[in-house]
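Letters A, B, ... are given to chains in the order of the sequence lines, protein chains preceding strands, and every chain is numbered from 1. Being a predicted model, the structure only gives us computed values, none of them experimental.
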Amino acid sequence: MPSQFRFFPEQASTFASRIDLLYFVLLAITVVMSVLIFVMILFFMIRYRRGSKVIRGPQVGSNLRLELLWSIIPLVIMMGIFAWGADIYFDRSYPPAAALDVYVVGKQWMWKLQHPQGKREINELHVPRGYPVRLTMISQDVIHSFYVPAFRMKQDVLPGRYTTTWFEATKTGEFHLFCAEYCGTDHSRMKGRVIVMEPAEYQAWLQSSTGTFASRGEQVFNDFRCGSCHSPEAGNRAPLLTGAFGRPVALVGGQTITFDENYARESILHPQAKIVAGFGETAMPTFEGQLDEEQILALIDYLKSLSGQAASPSAAPSAGSSAP
Amino acid sequence: MKMSAIEPRTDYLNAGYSVRSWLLTQDHKRIALLYLLAITCMFFIGGAAAVLFRLDLMTPDADLVQSETYNKLFTMHGVIMVFFFLIPSIPAVLGNFLLPLMIGARDLAFPKLNLLSWYVFIAGGAFTIWAIVHGGVDTGWTFYTPYTSTYSNTHVMSTALGVFIVGFSSILTALNFLVTIHTMRAPGLTWFRLPLFVWTMYATSLVIMLGTPVLSIVIFLVALERGLGFGIFDPALGGDPLLFQHLFWFYSHPAVYIMVLPAMGVISELVTCFARKRVFGYHFIVLASLGIAVLGFLVWGHHMFVSGQSVYAGMVFSILSFLVAVPSAIKVFNWTATLYGGQIGYETPMLYALGFVGLFTIGGLTGLFLATTAVDVHVHDTYFVVAHFHYIMVGGAVMAYLGGIHYWWPKITGRMYPEWWARLSALMIFVGFNLTFFPQFILGYLGMPRRYHVYPEEFQMLNVLSSAGASILGVGYLLPMAYFTWSLWYSPLAGDNPWGATGLEWQTTSPPPTENFPVIPTVVTEPYDYETNSDQTITVRRQGEFAHE
Amino acid sequence: MSAHAHQQHDATGHHDEAGSVKLYVTIFVALLVLTAATVAASNVPLGRWHIPVAISIAVIKALLVLLFFMHLLGGSRLQWLVVAAAGCFATIFVSLIGADYASRDWYLPPPAPLEQQIWQPAEIPPSAPADKP
Amino acid sequence: MSSSAGALAHHFANIHQQRTAARLGMWIFLLTEVMFFGGAIATYCIYRTLHPYVFEAAGRELSKPLGTLNTVVLITSSLTMALSVVAAHSGNRRRLLGWLAATMGLGLVFLGVKAIEWYTEYAHHRVPGLNFTPDELGPTAELFFACYFALTSLHALHMIIGLAVMGVLVRLAYQGRLGPERFIPVEVTGLYWHFVDIVWIFLFPLLYLL
């Protein structure tokens, strides 16, 4: 952990340099405007101090042109800053299609991170350098916030809804991971490290994992006998899940939404929330309280693996299991 | 010490000394003094919490207090400073005292409601102090669910009740101001002859009337969820914690304009009086005040850029946040332009005014970093945000409040304050403030999150700097307490208009009689016309610096 | 804000007498009719149109009460100003919160096909030069 | 509600200024009430758009006839309140007392019907936090009933405050201190009461009919 004093945070992700550039431009504007105001005030204070013998001319009540000048020009500059900021914000908010998935569960005062290949970590995240990593995050209790200053990346972790963000590390090493949203007594101890490794090193580190996350999801799928309805043998009692993930779904009432993590989680916990068209009053019980966040994430990863061709090559041999 | 032997005149202070005449008064001037007392106590309670956790933050790990106590300290500092000092300070003390005087009225429209608002303030304060004494609350002044509603096991309900009640106190004050300004102006006092302080009171009252009820409803809903189990924001039932944030920030961002708008009004008064010159662009400053009041309601989403709010809504709020920065910029430029061609004096109120303009400029410009979505992703909930809002609230609102108290102290008490002690404390406050909060900008961009009790060692040096500044600031605030109390008995008497200022409040005696004006004055000229009566010898009577003179 | 000197009787000021009984009764009947209408409308299967119909009937009823029972019709301009302020700030409040909820899932890039997601063992991704300057 | 001593308070120039001030004061107070109820109704509307099916199904559990009856009762009380303002202006003390009593009676009827509704919901175990038993609608139905009870209890609280103020008015009218020269308290209470009626006019369709 680099503990020597520094005035500026490390730049360790593709966003760091872009955000820092925008930060420096804003800093320049602030310094220029502040110095301009301070110098003018000082100048006026000295020149027009009470009793100073200097001609002051007629008192100017107001000057429309000047007023418009110093409100339009700052506004135009600010709109430029807005556009620049919004562009980076848009890129930061939507992960690229091909990104390495990591599932994050925030819990009161620790981070639990889960790699699809099965590796599970507490308060530590190993990522390869130069490869985009997408974080799908949820909280088990209160609002936390996944914050890595070196990557200039922060995203609140909400209970009840997945939030996603992404980064691409450009420098190997260890970086601070903080919780930025106040979450209780040990909010300041909910810290961790992000360890960026060379891709080959990362691959070796990954090998030591047993059983993929999707296989754990399949385990949960069988334990809770989801297959009794969601399978071809069960006839038309529930929508088939093979190949469903990522594609649009038509709902009762004409709405169509994409089958994403949030929809899957909501349908597991509140089945009546968004019923698939053609399936009327569903008899699916709510699993609220029976599944914890990891199991739901595992189920969703399993659903993703159902919608892909073959499961991941390094997955457990049970890729083509009998379940649909 | 020989008291100057003028015949004793009955004014609002010596019109009755009994406790009943003070606690059941309907005179807006006495209610202002009651508020002054209550607010000063609240300020020092909140300030003590700040000094305590600033001391603790000098070391990276938890040495002075445990984490629970630290969380309760910063929550107490936040709740007391925001709801019990910053929001009521200028409107309830200076506004209550000066509004009727400035518009030539005998009193506010609803005197009994005005007294009720003080008692409601005290009731709210009592609940909050009760909660603090019994163990405090550790949710942060923002009361975010689900931590506030289900996971915190501290005295959330009584603090929420205290804040809920104190909301009504500012609603009653704002109601009084709006009706008084609309219906009780002196003859000849048209809207565009109103002093700018009255305009900012008007704009602030609008913001209070439109914003505070939403705070009341959101606290009511959280209290329902915590007390009766109505899971309104409970994610397990399908509720959305973000909806709480929307409702909360819908009030709390305009609340920061409730804090800074009155300060701007005070500064407009001070700058024109001590530059002995008409304000530059009167109409633009009026439009800017109303613009801030209205645009202030459109921007609250910039508190939620990284909280899961949709990207497009974030962009809409970002544009609107840039729009709301324009009126503040206009005001700063107009104050600076007012100094051009003036006869600038450097009494203490002017020092505070110039300090305000400088620090508010830095505070306002650093706000642009937070309005820019990309930079906010990095600096949200870090010490950069803490530094930004302290520059505006402490560098701005508190400085203006102190400047206003110094400026109108002769009118309130009939006595001057000691000039050199006041200048010394102004300088200490300025230095202490900058030393406390400027390092926090650097800390913020380095990535130190807010509300952190234990932090990595590389942030320690800047935190020690900040704590050193906090102690200077603390002493700087104690000085005015001392010399203002001292001035009540030992300072020389100030005349009716020691600064030679225009404005109706300076045309009556100081301290003014209970009915403010023997006969209601008629206003003929526009405000701040220092040219027409600049022939008066405006040299401020050189007060003897110390009492024995 | 017009600069009317305030103490002379402002022309549109309320001239201190209440409306006629007959007017109130007719307004009362109109409100009853509208209540019946909105209840009837709720029984008719309107599908998507339920919400707009119910809201518009409620707005009409509210306007009737505001204009006649609360003497807004003959009231001073200030009362209109207050009602207008309430209206537009309530709409600002609801519409900006609604904007957030409406635009939450406007654009979600489809997740990549699975084999791209899972970390490919051997090849070094071209996009990662040895070390960024 | 302005000062009770003689009609004109010392700090007002004339009686017209005082009346305008009182009326404006009440309108501005109603502005805060609009934002207060606006926050609660906005919460309900947002949740309604997030969970349309469950809220619709749960809404059908409320008894529409009782809701309609309450709306009619409250509109009638608005009428009687308006007539009491007319009576105050004309100085007819007996009729003023009559209409005020009618308004209070209707208000009590409204609260009575509301109490019946709440009891039936309590009997069906639909009160969140107390005895809510989730049925096939799932946990989100509890959110609907939480919003329903929050909104209706807020409205009922405002009704109770209105009835209390009217109680004071009846006493003042009985002592003959309300008449053509001092009708502002009746008119201002009327404004407040009509506002409470408007809130119900919006609550009724939102909760019962949609």
Side-chain angles (χ1 to χ4, degrees), chain C residues 6-7 9-10 13-21 23-25 27-29 31-32 34-36 38-39 41-43 50-51 53-55 57-66 68-72 75-76 78-83 85-87 89-91 93-94 97-98 100-102, chain D residues 13-17 19-20 23-24 27-28 30-35 37-39 41-43 45-46 48-50 56 64-65 67-68 71-72 75-76 78-83 85-90 180 183-184 187 190-191 193-195 197-199 201-206 208-210:
Chain C
H6 92 288
Q7 83 278 53
H9 183 73
D10 52 12
H14 187 72
H15 16 68
D16 289 0
E17 39 76 23
S20 72
V21 174
L23 170 72
Y24 289 142
V25 172
I27 297 299
F28 169 64
V29 168
L31 287 170
L32 289 185
L34 284 169
T35 311
T38 193
V39 170
S42 74
N43 297 333
H50 265 304
I51 296 177
V53 164
I55 298 288
I57 293 178
V59 165
I60 296 167
K61 286 165 72 177
L63 279 177
L64 280 180
V65 172
L66 261 173
F68 298 100
F69 282 171
M70 297 169 91
H71 315 303
L72 192 58
S76 73
L78 279 185
Q79 289 160 3
W80 284 94
L81 195 69
V82 170
V83 170
F89 277 95
T91 27
F93 173 55
V94 173
I97 292 184
D100 172 28
Y101 281 93
Chain D
N14 55 51
I15 188 66
H16 171 70
Q17 184 191 34
R19 286 193 184 128
T20 325
R23 235 176 252 123
L24 185 61
W27 274 102
I28 293 175
L30 292 184
L31 172 72
T32 66
E33 290 283 4
V34 165
M35 297 306 288
F37 276 100
I41 291 175
T43 311
C45 292
I46 295 284
R48 181 164 193 100
T49 50
L50 286 179
E56 203 174 332
K64 211 182 280 186
T68 319
T71 312
V72 168
I75 289 177
T76 324
S78 243
L79 173 69
T80 52
M81 189 68 210
L83 294 179
V85 170
V86 170
H89 274 289
S90 63
F183 56 85
I184 277 293
E187 193 177 313
L191 289 179
W193 192 255
H194 294 309
F195 169 79
D197 179 20
I198 289 176
V199 170
I201 284 175
F202 279 104
L203 282 189
F204 171 58
L206 283 175
Y208 291 82
L209 301 183
L210 293 186

Go through the atoms of D:Ser78 and report whether side chain, backbone, both or neither lie under 4.5 Å from a heavy atom of chain C.
-> both

Which heavy-atom pair separates D:Lys64 from C:Ser42 by the least distance, and what is that distance?
-> NZ-OG, 3.2 Å

Please look at D:Ile41 and chain C and tell me whether the side chain, the backbone, both or neither of the residue comes under 4.5 angstrom of a heavy atom of that chain.
-> neither

Most heavy-atom pairs under 4.5 Å with chain C, out of D:Ile28, D:Leu31, D:Thr68, D:Ile46, belong to D:Ile46

Sort C:Val83 into side chain, backbone, both or neither according to what part of it lies under 4.5 angstrom from a heavy atom of chain D.
-> side chain

Side chain, backbone, both or neither of C:Thr35 within contact of chain D (heavy atoms, under 4.5 Å) | side chain

Let me know if D:Ile75 has heavy atoms under 4.5 Å from chain C in its side chain, its backbone, both or neither.
-> both

Measuring heavy-atom distances to chain C, does D:Phe204 have an atom under 4.5 Å in its side chain, in its backbone, in both, or in neither?
-> side chain

Please determine, among C:Ile51, C:Leu34, C:Val94, the option with the most heavy-atom pairs under 4.5 Å with chain D.
-> C:Ile51

Portion of C:Val39 that has a non-hydrogen atom of chain D nearer than 4.5 angstrom = both

Quick one: does D:Trp27's side chain get under 4.5 Å of C:Leu72's, heavy atoms only?
-> yes

Count the heavy-atom pairs under 4.5 Å between each of C:Phe68, C:Phe93, C:Phe69 and chain D, then report the option with the highest count.
-> C:Phe69

Would you say the side chain of C:Val59 lies within less than 4.5 Å of the side chain of D:Phe202, judging by non-hydrogen atoms?
-> yes

Which portion of D:Ile198 sits near chain C, non-hydrogen atoms under 4.5 angstrom = side chain

Looking only at C:Ile27, C:Leu64, C:Thr38, most heavy-atom pairs under 4.5 Å shared with chain D are made by C:Thr38

Name the region of D:Leu210, side chain, backbone, both or neither, that has any atom closer than 4.5 Å to a heavy atom of chain C.
-> side chain

Which one of D:Leu206, D:Asp197, D:Leu30, D:Leu79 has the most heavy-atom pairs closer than 4.5 Å to chain C?
-> D:Leu79

How far does NE2 of C:His71 sit from CD of D:Glu187, to the nearest 0.5 angstrom?
-> 5.0 Å

Mind checking what makes side-chain contact (heavy atoms from CB on, under 4.5 Å) contact with D:Val72, not counting sequence neighbours?
-> C:Leu32, D:Thr76

Drop me the distance from C:Tyr24's OH to D:Leu83's CG, to the nearest 0.5 angstrom.
-> 8.0 Å

Closest heavy-atom pair, D:Val34 versus C:Ala86, reported as atoms and distance to 0.1 Å, is CG1-CB, 4.0 Å

List the steps, then state whether side chain to side chain contact (heavy atoms under 4.5 Å, CB included) holds for D:Thr71 with C:Lys61.
-> CA-CA 11 Å; D:Thr71 312; C:Lys61 286 165 72 177; 3.9 Å; yes

Where on D:Leu24 is there a heavy atom nearer than 4.5 Å to chain C: the side chain, the backbone, both, or neither?
-> side chain

